[in-house]
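Notes for the one structure printed next.
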Amino acid sequence: MSSRKIDVDIITFNIAINCCCHSNRVDYAFSLLLSAFKRGFVPDVFTYTTLIRGLLSQHKSAEARLFFTNLIKLNELQPNVVAYSTMINGLCKTGHTEMALWLLRFMEKSECKPNTVTYTTVIDSLCQHGLVDDALILQSEMMEKGILPNVWTYSPLIQVLCKLNRWEELSLLLEQMIEDLNISPNVYTFTILVDAYAKSGKLDDAKQIIKIMNERGEYPNIVTYNSLMQAYCSQGQMDEALDVLSTIKSKKMMPNCYTYNILLDAYCRELKLDIAMVLYRNMECEGLSPTVVTHNILLHGLCRLGKTLEALAFFYKIQELGHKPEIVTYQTLLGGLCKSNYVDKALSFFQTMECNGLIPESKTYNIIICGCLWNKKYNEASKLVHKMVDCGFSADAITTSLLQQILTKVQDPTLLAMHQKCLQSGNYEQ
DNA sequence: CTCTGTTACG
């Protein structure tokens, strides 16, 4: 555009910067910011908000925070509600809900009041972190301030109430949304309900929601159908699950990796690995590449059948095909190896995690320690606990009953101290 | 021109 002497302005730059950020090239975005400066344009609140979002989507949250605060200090940025909401969302997504809440409270006292989006963002984060009651309080607070919740605000609240089986409160909330505020549930809201019912074994309720969706023209999408499929699968109704797959195809929708992973996992749980493998090969024909989750499901399937060594061979085969294992992959195989009494293999396999750039989690240690104890390898178990401590894990990172078992055979002051600390913190049945 | 939500594995 510049070489053709077409006039550009800061908005042109903002659009291009936004483009770079959405293509995960914040570096290019910042180059464009420099060119804008060089050409005498003054970046505005849109420019900076976009760049902050770009940094956040690239997991550069510390940089985003610094950028945001410095711009304000230097008087380059007078944030509006969108700029604040963007920053608040970034804080939430990086686990800094406290800071997000602080910024929300700061806004409430300032000239720039939070809006529905701002509150929804924080409510969602509180729900995700299990702070449902705080989220519900925040939702009533916003209403008292005259900020009306919308269909987005209700989604996380509905989801978390379902997850906690707080069905009474769910129906009250749905009533408030639909009857009092006249907000119609949309595909997202309905899908959350289908999924919740699927996971709670309420197949009939899940089916009922699909019926309502079709009646109201909020047609189920691939995510909704995947959840419905999950509902059938968890009831062992595999023929009906396959009917859902046919429905998806008849509606000219494309099954995705989730669709196949749900089916594969269900067949693996029924120990029908042959069917799972047929579906696995079928994925490629549909233009779908299996993900690490697909492979984890199959590996777990092999382990369930006691075909642990085949699982190990499959692990190496998929690695040769260029698929990187994840922590779950290791945990699946470690669990399998331990259960098949290949604890020595498990121990050496455990050592290879770091070569793959994976840092064991507390759960990883608990699996292998459990395996050691199962095979009466108390000294190995004790060594692993020490390794955990060296890696900075605290006493509550290990299951108390495992510690107790080790202590019956190994005298170790460090372990004893940990055990007592666990008992005090009251997480015995963790 | 900038902000919020749904599904799979240990």
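What you see is a predicted model; the values in this text were computed from it and never measured. Numbered from 1 within each chain, the chains take letters A, B, ... in sequence-line order.
- A:H300 has no side-chain polar atom (N or O) that falls below the 4.0 Å cut-off from OP1 or OP2 of B:dC9.
- Of the possible polar contacts, none joining the A:N186 side chain to the A:W152 backbone as a donor-acceptor pair under 3.5 Å is found.
- In this structure, the OH atom of A:Y330 is 22 Å from the P atom of B:dC9, given to the nearest Å.
- Note: CD1 (A:I359) to C1' (B:dG10) measures 18 Å, nearest angstrom.
- Here the side chain of A:I297 is nearest to one of B:dT2, B:dC9, B:dG10, namely B:dC9.
- Spacing between atom CD1 of A:I262 and atom P of B:dA8 amounts to 7 Å, rounded to whole angstrom units.
- Taking the charged nitrogens against the carboxylate oxygens, A:D9 and A:R39 have no contact shorter than 4.0 Å, which rules out a salt bridge.
- Nucleic acid contact for A:E326: none, since no nucleic acid atom lies under 4.0 Å from a heavy atom of the residue.
- Between A:H295 and the choices A:Y260, A:Y280, A:F315, the ring pair (Phe, Tyr, Trp, His ring centres under 6.0 Å) rule is met once, by A:Y280.
- Nucleotide B:dT7 holds its P atom 6 Å from the CG atom of A:D195, rounded to whole Å.
- For the pair A:E361 CD and B:dC9 P, the computed distance is 16 Å after rounding to whole Å.
- When the side-chain nitrogen and oxygen atoms of A:K199 are compared with OP1 and OP2 of B:dT6, none of them lie within a distance under 4.0 Å.
- Taking the ring axis of A:Y28 as reference, the NZ or CZ atom of A:R25 stays within 45° of it and closer than 6.0 Å to the ring centre.
- One can place CG of A:L264 at 13 Å from P of B:dG10, the figure rounded to the nearest angstrom.
- What separates OH of A:Y154 from C1' of B:dT6 is a distance of 18 Å, to the nearest Å.
- Taking only side-chain nitrogens and oxygens, A:R269 comes nearer than 4.0 Å to OP1 or OP2 of B:dG10.
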